[in-house]
Structures are given as structure tokens and as C-alpha cells.
Protein chains: 2
Amino acid sequence: MPGEIMGRHDFHAAHACSPGSDYMIDRDPSTADERSERVRTLEHKGTPASIRTLTIRDVARLAGVSPITVSRVINHPELVMERTRDAVRLVIDQTGYVPNMLAGALSSARSRLVAAIVPSVTNLIFLETVQALTDRLRGAGYQTFFGFSGYPGTREDELILAALSRRPDGIFLTGVRHARKTRERLLAARVPIVETWDLTKAPLDMLVGFSHERVGAVVATRLLQLGYKRFYVVTADDERALRRRRAFESTLRRHGITDVQAVEVPAPSTFALGREAMAHLLSTGFHSGVIFCSSDTLAHGVLTEAQSRRLAVPGRVSIVGFGDLEYAAHTAPALSTVRIDRVGIGVRAADALLASMSGEPARDKVIDLGFEFVERGTTCQQ
Amino acid sequence: MPGEIMGRHDFHAAHACSPGSDYMIDRDPSTADERSERVRTLEHKGTPASIRTLTIRDVARLAGVSPITVSRVINHPELVMERTRDAVRLVIDQTGYVPNMLAGALSSARSRLVAAIVPSVTNLIFLETVQALTDRLRGAGYQTFFGFSGYPGTREDELILAALSRRPDGIFLTGVRHARKTRERLLAARVPIVETWDLTKAPLDMLVGFSHERVGAVVATRLLQLGYKRFYVVTADDERALRRRRAFESTLRRHGITDVQAVEVPAPSTFALGREAMAHLLSTGFHSGVIFCSSDTLAHGVLTEAQSRRLAVPGRVSIVGFGDLEYAAHTAPALSTVRIDRVGIGVRAADALLASMSGEPARDKVIDLGFEFVERGTTCQQ
DNA sequence: CTGAAAGCGCTAACAC
DNA sequence: GTGTTAGCGCTTTCAG
């Protein structure tokens, strides 16, 4: 009785299909008795097949082929005759067999996994990059898994170790500053790496980013050009933000402006911190000027506080953010900002990794995507 | 010469430490010659150790113990004598050995991986849940990896298959509606599962959510109570959103209100779609009333459009969103919304999974976290 | 085009 | 407390 022979309900309790036809694979010339025997062999170390996860051998037996053929049907179907392929696929469908990629990866030394280290999911600025990256990689058959480095007490080295222990085929990093030990580990792993969101002269491998120094300098230069006289900074206590600030200030200094008041707030930036920072500026003598903020979120808070104090924007206060977040543009049309190609970073990084993982000799090891100063309501009226 | 004996630079090119002392592990009573021999044994199938990733056996040899002892030092250090432990750890440190969890997982049938299927990273409403989930799981030694189901053309079944093929120890799902085949696969995997963000009478396993029907009903009831007479709906074309809408409308119907105009927009919700929806309402005769939107994002767009048309809020228009996004609260203080315990869902789901993965008999298979109608500027003045 | 043999790197189970 | 043996489930050779 075919149903019994195949132990259908043992393999996959919820599976239902009309009896008889399902397993009548024409490639399999064995008698019912032989197949019945095969099913008995599915018993394994005393564990009946019914409560064991199916393996490639189970599928192979049921399809009357060898395990390697099943493996080929899954990974290189073009190497297998159509007849055989269909037979195997039928069994896979009907048993609900799920390949074990842990075993596959171990055996082939290819995990089809890419590790992405990003500061946080909740920081909106990285969202589209993450999405673009995952999308693109998935299209090429890779899964992306994340490590979040932005929480206090999360050491990058630990994350990298955790990531490497899954033997990813590629690594995406946010930032270019890593502890020496981390760099060593990364290099020792001999895995394609793409650092992003910054530039450096000594990348670990590939690099897709933009210059934070140049951001600070460009914003300062442009604001001077627009005629602003009084400059302020509201910045999160974040490595890259501080480098933007430093470049901003030193550019101004080169133009004789040395009294740039700065408010530093703890990372991560929030709307509330922006409000507080503005309140602080006002309480310490702010009268008018342009405020360079380290993120749109902070800028949004600054703007809101300014408006709630009835300061004319941009008459009295002009505000520059960073990141060009969608929501900020909708919310605060009077906010200037620095636009980063967030999607581009994800796409380029994915492409770089994919090329490298497939053994291509990388053409551009370093891609500078630049940025754009988006002026909204920063005509100087002061 | 010790440096040569240990082939330091072969193991870990960037590693630098004073020669001699490093590998002088007192547990290892072998002579220099013997160790030199061991290093030669690291050559493996013609591949010199120097360009091979270190394995547990390499560490074992260098520490003068057996592989299983190294394994224990890593996974169950309490089972190993302190002396031995230190010796092994020293070698691990100095060689930069990174355990291969692929192999470990295969062997122990525990991947220490949790798969999370969420609609998207870019949908702000899931962010905190995702963060809370990952945080909590990481604290317990689990890594979380994501599948994003929200993109058009992404079939949940494929994601589940991809996830299961990594043999996760637990699964986090967003939503309770799954294709029959998906349910079967999930059940067949015999893995702890927690469905979230909804309720159902037939959960696959564990469940942490709230009732979308009740959301619609509660909002409708409360708005009636406040005295509103004219009701509108702006909703994304999303399964759960549509169920909230249906409940909203049928509650109103029970109170004799049958003319609820609805604007349906394609998912995912955006600010721009909200504006368009409001424009559409206005062009089709909207005069005044309360608008129930399927998300804060949409509501924000609706609000902005209304304000740009100089409609008094809440005098002429009152708007109810969904989700209680931070940014919306800051941006649109006149927006009522439905607050979901987004962090709570992540935390409870993580706890449920952790309990189940550690073999505890779950106490609460189903947790209804409820929700809260947050009224901001919905005093009826119409 | 298909198969047999031999591991991938680790750990469970059982000795000692 | 530590070691030995025997796989986990798959894929890479290399035969045929």
C-alpha cells in the first residue's frame, strides 16, 4: 500500500495529497518491497524517521538516486538529466525536505552569508543602506545578517568575532576606525570586506564612502559664501560627527572666525536633545546665526525649539542638518542638510562584495560617493 | 628559535608580541623539537597552516590537549581545570583562533540562531521591536537574522525556507496569516515559534500581539463618544490595516453610520500618499470630520495636506493615526494615534523563545499586549 | 551524467 | 577532568 510505504504522514504530518500517484517516480524501478525496505532504513540510530528532520540521504533513497545527485539538483540542476531532476524535485516537494545549509556551508566552505556591522537599526540614517544591501545580496543568493555596534558596551571586536564564527563569505562594515585587534582578525579571516560611510587611506579591503572632513569644510565654505557671520554647532558625541565639526570649525578659522560656540550632546541623537541644545544656546546668549547640526534628527529638534520660541527661521536662525532624512524634509522644509547617497552606499557595497566573492579582481577598491549640500531656507537674511 | 617554531607570523600576520614568552605554556612539557614537529603536522593536505583557517585541532595541538578540551574551554569552561583552561585560552588569544559555529551547530544540532521574519527595516513601526528582540536574544547568546517579507514579490514561504535551511533554534514571525504550505513547513521544523503583531485562535506555537479588530472597534467607539459625526478612512492596502478598517466601519454601522468614505492607497504607506489621499478627499467633497488612518506616516501626510489647505485642525479635521511613532508625536502634536507596545512585543517574544528553546514548558502560550488610544487634539469641535 | 569515498570542523557519548 | 570514537549532513574530488 503506497501510502504506508512512503510513510507520508510520518514525513510531514500536515501534508495531504491524493494517494498512489505521488511517489510513482518512473525513474525508480524498484518493487514495492524494495521501497518498503528503504523506508525501514530511514530509521536511524533508533530514531524513527518520523521525528527526525529529513536529510539528503532520505530524499536520495526515496528518489532512487545517490545523495550527490540530490545535492546537484539543488545546487547545480544543469548538471542533472531532466528526468532525474524531476524525480528528485517531486520527492523534495512531497516530503517537505529543507536542505541543511549549515552542513552545506561546512562542506563547501561557502556559507552564502554576508555579515553586516551597522551601528543600529533605529538610526534612520542607515536604514536605506541596509535595505539596499540586503536586497541586492539576496538577489544574488546571499543572506545578510547583522551585528549592531551602536549600543553602549557593545565592542566591535565581539561583534566581529561573532560574525566571523559564522564564516561569512563577505563582510560589510560601517566606518573605517577599528581597534588594532579587530583589524587583525578581519584581515586574518581572508574574507572580502567592504568598509563604508567614511574614507581612509588604509582600507582593509574595499571602501565605499564619503569624506566627513570634506562635509564640514564644504558646509562652512558655502555658509560663508552665503554671507553668514555667526556660526554655531550642535553635535552628537560621535566620532564621525566630531570630525565633521572639526573640519567645519577649522575652515571657519581659516577665514578668521574663531568664536564658534558648540553644544555637544551624547549619542545617539534625538529630537529632544536637539530641543535642549537649542534651549541651551538661547540661555547662553544666542541671538542669531546659523547652526550646523550633526544629524537631521538633532536639527529637527533645534528647529522646533527655535520655532516654539518664536525665532524667525531663517531670519534669525538658519539650521543645517545632516543625512537628508525623508521625514525631516517633510517636516521641516526650512532645514538645509547634507545629502548622502544612502541607497548608493548599499548598492555599491553589495556589488563590490559580490564581485570579490565571485573571485573577480576588483576594479575600484575605493569608491568616493561624495555628498551634496541641500540648501533649504538658508538664504542669509541676517 | 621560538618565533620560528611557532610560526607566529604564519598564524596571524598582524600579530605582534615579544618572542619567547608567548607560547611557553607550562602545561606543555614537550621539547622544542616535539613542538616543531607539531607545527609541521599543521600542514594539511598540502595546504600550509599559514594560509588555512585555524581549527580546534590546531589549538589543541599547540596547547598540548585534545580537541574536545578546547571545545569545553569555549563552551563549558566550568568543566575544565583552571590550569588547562588558561593554557588553552592563551593559545586561542595568540593565534586569533575563531571557532567555526557552522561546524559546532551541525554537530550539536544547536545553531544559536533565531530567524526573524519582519515586513521591512524601513517601516519605522517595527524598528523598536526588532531592536528589543535582538538585544534580548544577544544577551542570551543567540544571534538574530532577518528575512524581510514586505517587498512585493517576496513570498513568505521562500523566506521561511531560507530561514529554516540555516536551522535556527527559534523563529520570530510578524503576523499570523501564513500560506498553508508555510504553516506545514514551520510545524514540520519542530522549532519554537512566536508569532507577533496580531492575535489568532490557532497560533502555530506561541503568540505575542494585539487585536486589530479591537483597535478598529475601540477607535470608532471612542470617536462616537467624543461626538464626531462624519468619519473617513485612509488606509494602506495591507491585510492588518484592512482588518482594523473593517472593524472600524462595522462598529460605526452598528451605530447607524453607514456612509464612511474610504481612500485606499497601496502599501507601503508614505507621507506623500497621505497628502494625496487628503487631496483626494477634499476633491470629492470632504468638508469636515475625523479621519482614521492606517499609520502615523499616512496620518502625518494627511495632516500636512490639511494644514497646507488651511483647514483648522482639529476644528475642521481631526486625524487618528496608528503606531505612535516618535517622530510623528514631535511633528504633529495634534495627531491622535494608537499606541502599541512595540518594545514589549520584542521583549516578550524573545523571552517566550528563550524559555522554549531552553526546554521550559511555556506558561503563557498567548500574550495579548493590548494597545492604547492616545488622544491628541481630538476634542470634537465640529 | 551519475556515483563512491573521504572529509569539512566540531561535539555527544561514553571511557578512563 | 580529559580523551576516544563516531558521527552531524553535506559536497569535493575523482571514477566510471
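Here is the naming used below: chain letters follow the sequence lines, and residue numbers restart at 1 for every chain. What you see below is based on every heavy atom in this structure, not just the backbone, and it leaves out hydrogens, waters and symmetry mates.
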- Task: Take atom CG of A:L79 and atom P of C:dT2, then tell me their distance rounded to the nearest Å.
- Result: 9 Å
- Message: Taking B:M101's backbone N and O only, do any of them form a donor-acceptor pair with A:S165's side chain (distance below 3.5 Å, no angle check)?
- Response: no
- Can you tell me the distance, in whole Å, between the CG atom of B:D169 and the P atom of D:dC8? 19 Å
- Task: Would you check if the side chain of B:T95 reaches a backbone N or O of B:V91 as a donor-acceptor pair within less than 3.5 Å?
- Result: yes
- Message: D:dT2, OP1 or OP2 - any side-chain N/O from B:T84 closer than 4.0 Å?
- Response: yes
- Task: Quickly work out the B:R166 CZ to D:dC10 P distance and round it to whole Å.
- Result: 13 Å
- Message: Taking 4.0 Å as the cut-off, does a side-chain nitrogen or oxygen of B:Y97 come that near to OP1 or OP2 on C:dG9?
- Response: no
- Query: Between atom CG in B:D86 and atom P in D:dT2, what is the gap in whole Å?
  - Reply: 11 Å
- Note on the structure: With the side chain defined as heavy atoms from C-beta on, A:T55 is closest, among C:dC10, D:dC10, C:dT2, to D:dC10
- Query: If only atom types and distance count, is the side chain of B:R190 paired as donor or acceptor with the main-chain N or O of B:L187 below 3.5 Å?
  - Reply: no
- Give a yes or no answer on whether the side chain of B:D93 reaches the backbone of B:L90 with a donor-acceptor pair at less than 3.5 Å. no
- Message: Working note: B:R112 + B:D169, criterion salt bridge (charged side-chain N to carboxylate O under 4.0 Å, His left out); need CA distance, chi angles, decisive distance, verdict.
- Response: CA-CA 6 Å; B:R112 300 205 149 275; B:D169 292 337; over 6 Å; no
- Using a 4.0 Å cut-off on protein heavy atoms (strictly under), produce a 5'-to-3' string for nucleotides 11-16 of chain C with B for base contact, S for backbone-only sugar-phosphate contact, and - for none. BBB---
- Task: For the pair A:T144 (side chain) and A:V114 (backbone), establish whether a donor and an acceptor sit closer than 3.5 Å, ignoring hydrogens and angles.
- Result: no
- To the nearest Å, give me how far apart CG (B:D58) and P (C:dC8) are. 11 Å
- Task: Could you state the atom-to-atom distance from CG of B:L106 to P of D:dA6 in whole Å?
- Result: 18 Å
- Query: Sub-3.5 Å donor-acceptor pair from the side chain of B:R185 to the main-chain atoms of B:L161, do we have one?
  - Reply: no
- Note on the structure: Whichever of B:R167 and B:E82 has the more 5' nearest nucleotide on DNA chain D, that residue is B:E82
- Task: Starting at atom CG of B:L102, determine the distance to atom P of D:dG9, rounded to an integer number of angstrom.
- Result: 15 Å
- Message: What is the separation between atom CZ on A:R57 and atom P on D:dG7, rounded to the nearest whole Å?
- Response: 11 Å
- Query: Looking at the side chain of A:V80, which of C:dG9, D:dG3, C:dT2 is the nearest nucleotide?
  - Reply: C:dT2
